Amino acid sequence: MPDTVSFRLNGQPVRISVAPDRTLLWVLRTDLGLTGTKFGCGIVQCGACTVLVDHRAVRSCSVDVKSVQGTDVVTIEGLASDGKLHPIQEAFMAHDALQCGFCTPGMILTAYDFLRRHPNPTREEVIAGMDDNLCRCGAHVRIVDAILAAATAMRGGSPS
Amino acid sequence: MSIRQATDQPGKLALEAAISLPTRREFLKRFGTGLMVWVVLRRSAGAEESEAAHPATFRPRSAGDFNAFLSIGEDGHVTCLTGKIEMGQGPITSLPQMLAEDLDVSIDDISIIMGDTELCPFDAGTWGSMTTSFFGNVWRAAAAEARSVLLEMAAETLQVPVARLTVDQGVVVDSKDPSRRVTYGQLTKGKKIERRLTVKPSLKAPGQFKIIGKPLLRRDSREKVTGTAKYAGDLRMPGMLYARVLRVPAHGAKLKHVDTSALRKIDGVVLVQQADLVAVLHELPDVADDALGKLHAEFEPSPSTLDDRTIYAHLEQAKLEPTVVAQGGDIAAGRALAVRRLDQTYLGAYVAHAAMETHAALAHVEGGKATVWASTQNPFGAREEIAQALGLPIPSVRVITPFVGGGFGGKTFNLQAVEAARLAKETGRPVQVMWTREEEFFNDTFRPAAVVKIQSGLDSAGRIAFWDYEVRFAGDRASAHLYDIAHHRTSAVGSFMEPPGFHPFPVGAWRAPGSSNNAFARESHVDQLASMAGVDPIEFRMRQQKDPRLARVLKAAADQWGWKPGKAPSGRGLGVACGADAGSYVAAIAEVEVDRTEGKIKVKRILVVQEMGLVINPAGARIQIEGGITMGLGYALSEEMHFKDGVLRETNFDSYVLPRFSWLPKIETVILDADDSPPNGGGEPAVILPGAVIANAVHDATGVRLLELPMSPARVKAALAVKGQVT
Ligand code: FES
Ligand code: FES
């Protein structure tokens, strides 16, 4: 039965009438038209579907839409503010940290949560923090470089 | 809609096209006036790439047949069209980079439209590292022709001889009087000039390059980091349905009966039931998915009796005539010279492509015409498959390729596009098919399991006396032995796709098809011969070769690494391997650590030296090498399909193990300067070496020789146990 679910989505309040047990990923991609959130596996193995719920990285393929009731949800489309890219997005561009780009939204949002918790990470910590996100193109080296550079930029240093 | 806005963004173009759907004629009209250059190759652009192609029955041969197209508009903006597609490997950057060079315009003034069968010239598919090496020169030729036409026009306008003109960023300047200048846009304004080019004009020499060879960042990254890049599964049309297709549980199984009565309780569900296609559709994909789960189906079991162990006997015993790929000297004479023999058999498992984007397509069929947006690396092939399935003439089908989320050979065939088109025709509504990961693993065209048998021996001087090499069912690509061996024979049985129906499920091209199996076998074998001869593995290879390009990459690798010669096994865990693929040469050195309790191999450091001729975009080339090495860790260490009676055990990433961040070695790449040779393939050569270089390093660490890929922990432990080395 449809129910009303309300939350903030990329800074805007939304109220949708939706069966509450529907999967967040498909509601985002279909009902809300935000296709930057990708489907890769559906079983919490790849991270392509990662979104931020109250700043925490959540795998949208495995949670019901009702679980975001009253929360603040950010998808990759909402990470830039006022046309200004987030430092992580800038670092991914500057380091060519993507090839096909299909894993990229999930990588960036996972990195966002990771850097929130580890503002000054070592290379090893980045690797451990990103280990549950898969990339088939093998962009890993550049992704690690980009996240380290973003960390520096976010701490106010100049990005390398 | 301005062309400029629509280009460089396959998804955006596709979306706008969904609304307006311009035909080629309408599209060309949009260019209005300006200069247009068509390049026609004497021979089909597909000829050199046919390796991975199924026969393309429809190659346009009309007067309008052309292989590359570019236009320079009144505003000086350049638009180029190509049947190639962007799946991560970077032509969206490197192809405009080449045009910018030969046209002398800024790369920012170039838009590219890719993979649209209606607008773009015919293309046999994007694979085989051929985009730059073969097709690139065609584009450069078009650019050079356009430039010379523009120079002639400028000479007339400025009343000076062509020789006095120089061009920079699309502005033609009189070198004697730089105040006299005219832009490309001004030259073409109000004119409509068409050129067809059949001869090759002279291209710039490397010494004149301003843009080629400069590292450039990807041009599509902004869309990809902001989530606006559209892939096939991201496209939406009014009234569309999402489809889920009923699959058999095993390859070879047949649907006996399906009870669909439970669907009656689900609002809005649409059922399509045809002899070979049962699907449930809904306006919401997750509801379609739930509905599929409510079907009760019965199947005839698969007649297949093979499994992942018995497969090798099947491959080894198949009675098929070998084809001799290369031979020289006299094998019998070589055998007689051998004082020590080494005969080995190398095995490689079925490997999945596992692109992060599953196969997806959106189809719209109306009025005898079909338009399909598909994740494909072969849009023109997809067009044929769809036309055949729908019974439409090929020109009535248009395939448009948005961004593709990885291919690696796995998006050559287009079952998902055919399914979407059939369902759209049947329902009269636009239909999207996006495979689940389970469907992706089931329907993949896997890299085939393969066997390589090598007989060889050392002569009394410690050189390779003879080399008798047979590759079975991997394909002969990169099977040449590369070395200086007097008595040799290389033969191939079957190929990575032949004969049809030989494998228990579909197989096909996988990034550098055959090469990774061949390089693993050859380089493992040469390494063992080096050990038998008691010679350092690099020294042994150097002594045994006479190809300067091979010697150059090997020597550069040894220098860069700081290689200290030693006979293997040295206990250091160092391995070396080299190879040639897609016209490029590569050498790698790796250092590994073997966990003897767990059987786990950790690659600590890996160096790749590549000589690939002229490098268009060194930044992109380096990334492709890193990507190839990282991807190659998978088939080397973990990736393998297990199966029995047609059922595949690996169904998702919980069972099929991809390389991940924690596996990353320190990767060093060196690209050797070779500007005077033509550009060769860069996207694939590095992926062929991880199997061999790691196997050789493991041997160096432990004395244990692994002959089967992947070198999974279980296999490593078993091999160590035989040697009595498990701790
Ligand atoms: S799709 Fe959610 S983790 Fe893979
Ligand atoms: S860039 Fe293609 S999967 Fe990561």
Side-chain angles (χ1 to χ4, degrees), chain A residues 19 22-23 25-27 29-31 33-46 48 75-80 85-86 88-90 92-106 108 126-144, chain B residues 86-90 217-218 220-231 233-236 242 283-287 289 353-358 403-408 434 436-438 619-620 623-624 626-634 652-654 658-664 667:
Chain A
R22 284 188 53 214
T23 303
L25 171 66
W26 301 113
V27 174
R29 287 183 52 82
T30 315
D31 307 47
L34 294 173
T35 55
T37 308
K38 301 301 185 206
F39 167 83
C41 69
I43 57 161
V44 202
Q45 290 288 321
C46 76
T75 68
I76 191 67
E77 290 92 341
L79 192 61
L85 296 185
H86 189 277
I88 303 174
Q89 292 171 309
E90 280 178 352
F92 268 61
M93 288 178 70
H95 287 79
D96 258 347
L98 53 106
Q99 293 183 31
C100 78
F102 203 79
C103 68
T104 310
I108 289 174
V126 172
I127 286 173
M130 297 301 295
D131 206 33
D132 290 335
N133 281 59
L134 299 178
C135 170
R136 185 49 155 173
C137 298
H140 303 73
V141 177
R142 305 293 167 138
I143 294 171
V144 174
Chain B
E86 174 62 53
M87 54 184 167
Q89 80 291 25
L217 291 173
R218 297 188 67 88
D220 55 2
S221 58
R222 178 170 274 269
E223 295 96 302
K224 288 179 174 177
V225 303
T226 53
T228 53
K230 296 291 180 197
Y231 301 79
D234 300 336
L235 304 177
R236 303 286 177 261
Y242 297 84
E283 285 177 0
L284 296 172
D286 40 336
V287 177
D289 190 53
H353 294 90
M356 290 310 294
E357 179 205 26
T358 60
F403 281 118
V404 178
F408 319 110
M434 185 168 93
T436 62
R437 182 55 61 186
E438 289 75 12
I623 285 171
Q624 284 294 307
E626 290 168 4
I629 290 295
T630 308
M631 184 179 191
L633 295 176
N652 205 321
F653 295 131
D654 51 349
L658 294 189
R660 38 205 318 136
F661 282 94
S662 54
W663 294 20
L664 273 189
I667 302 178

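Keep in mind that what you see is a predicted model, and the values were worked out from it rather than measured. A note on names: the letters A, B, ... follow the listed sequences, proteins ahead of strands, and every chain is numbered from 1.
Rounding to the nearest 0.5 Å gives a distance of 3.5 Å between CG of B/Asn652 and CD1 of A/Ile43. Between the CE atom of B/Met356 and the CG atom of A/Asn133 there is a distance of 8.5 Å, given to the nearest 0.5 Å. In this structure, SG in A/Cys137 is found 11.0 Å from CD1 in B/Ile623, a value given to the nearest 0.5 Å. B/Glu438 contributes atom CD, which lies 8.5 Å from atom SG of A/Cys41 (distance to the nearest 0.5 angstrom). Rounding to the nearest 0.5 Å places CH2 of B/Trp663 at 14.0 Å from CD1 of A/Ile127.
For B/Leu664, the part lying near chain A is the side chain, with the backbone staying farther off; criterion is any non-hydrogen pair under 4.5 Å. Neither the backbone nor the side chain of A/Leu25 comes within contact range of chain B, judged by heavy atoms closer than 4.5 Å. At a 4.5 Å heavy-atom cutoff, the contact between B/Ile667 and chain A is made by side-chain atoms alone. In this structure, chain B has a heavy atom under 4.5 Å from the side chain of A/Asp31, while its backbone stays farther away. If you measure heavy-atom distances from B/Ala354 to chain A, the contacts under 4.5 Å come from both the backbone and the side chain. Looking at B/Ser221, both its backbone and its side chain come within 4.5 Å of chain A, counting heavy atoms on both sides. If you measure heavy-atom distances from A/Ile108 to chain B, the contacts under 4.5 Å come from the side chain alone.
Closest approach of B/Phe408 to A/Arg136, counting heavy atoms only: CE1-CG, 3.3 Å. Heavy atoms only, all atoms of each residue included: B/Phe653 and A/Gly40 are closest at CE1-O, 3.9 Å. Listed here is the closest heavy atom pair of B/Lys224 and A/Gln99: NZ-O, 2.8 Å. In terms of heavy-atom proximity, B/Val225 sits nearest to A/Gln89 at O-NE2, 2.8 Å. Closest heavy-atom contact between A/Arg22 and B/Leu284: NH1-CD1, 3.4 Å. Scanning both residues, B/Tyr231 and A/Phe102, for their nearest heavy atoms gives OH-N, 3.6 Å.
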task: Start with the C-alpha gap between B/Glu283 and A/Thr30, add the side-chain angles, then the distance that decides, and say whether side-chain contact (heavy atoms from CB on, under 4.5 Å) holds.
output: CA-CA 9 Å; B/Glu283 285 177 0; A/Thr30 315; over 6 Å; no

- request: Determine, step by step, whether A/Phe39 and B/Thr358 satisfy the side-chain contact (heavy atoms from CB on, under 4.5 Å) criterion, reporting the C-alpha distance in whole Å, the side-chain angles of both residues, the deciding distance to 0.1 Å, and the verdict.
  value: CA-CA 8 Å; A/Phe39 167 83; B/Thr358 60; 4.3 Å; yes

query: Can B/Arg236 and A/Thr35 be said to form a side-chain contact (heavy atoms from CB on, under 4.5 Å), step by step?
result: CA-CA 10 Å; B/Arg236 303 286 177 261; A/Thr35 55; 3.5 Å; yes

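Ranked by heavy-atom pairs under 4.5 Å with chain A, the first of B/Arg660, B/Arg222, B/Arg437 is B/Arg660. Looking only at heavy-atom pairs under 4.5 Å with chain A, the residue among B/Pro285, B/Gly632, B/Ala355 that has the most is B/Pro285. Of the residues considered (B/Glu626, B/His353, B/Met434), B/Glu626 shows the highest number of contacts with chain A, using heavy-atom pairs under 4.5 Å. Interface remark: of the candidates A/Leu134, A/Ile143, A/Thr104, A/Leu134 forms the most heavy-atom pairs closer than 4.5 Å to chain B.
Not one N or O on the side chain of B/Asp654 forms a donor-acceptor pair closer than 3.5 Å with the backbone of A/Gln45. With A/Arg29 contributing its side chain and B/Gly233 its backbone, the two residues share a donor-acceptor pair below 3.5 Å. At least one donor-acceptor pair under 3.5 Å links the side chain of A/Asp96 to the backbone N or O of B/Arg218.
Side-chain contact check for A/Cys100 versus B/Glu86: every heavy-atom pair is 4.5 Å or farther apart.
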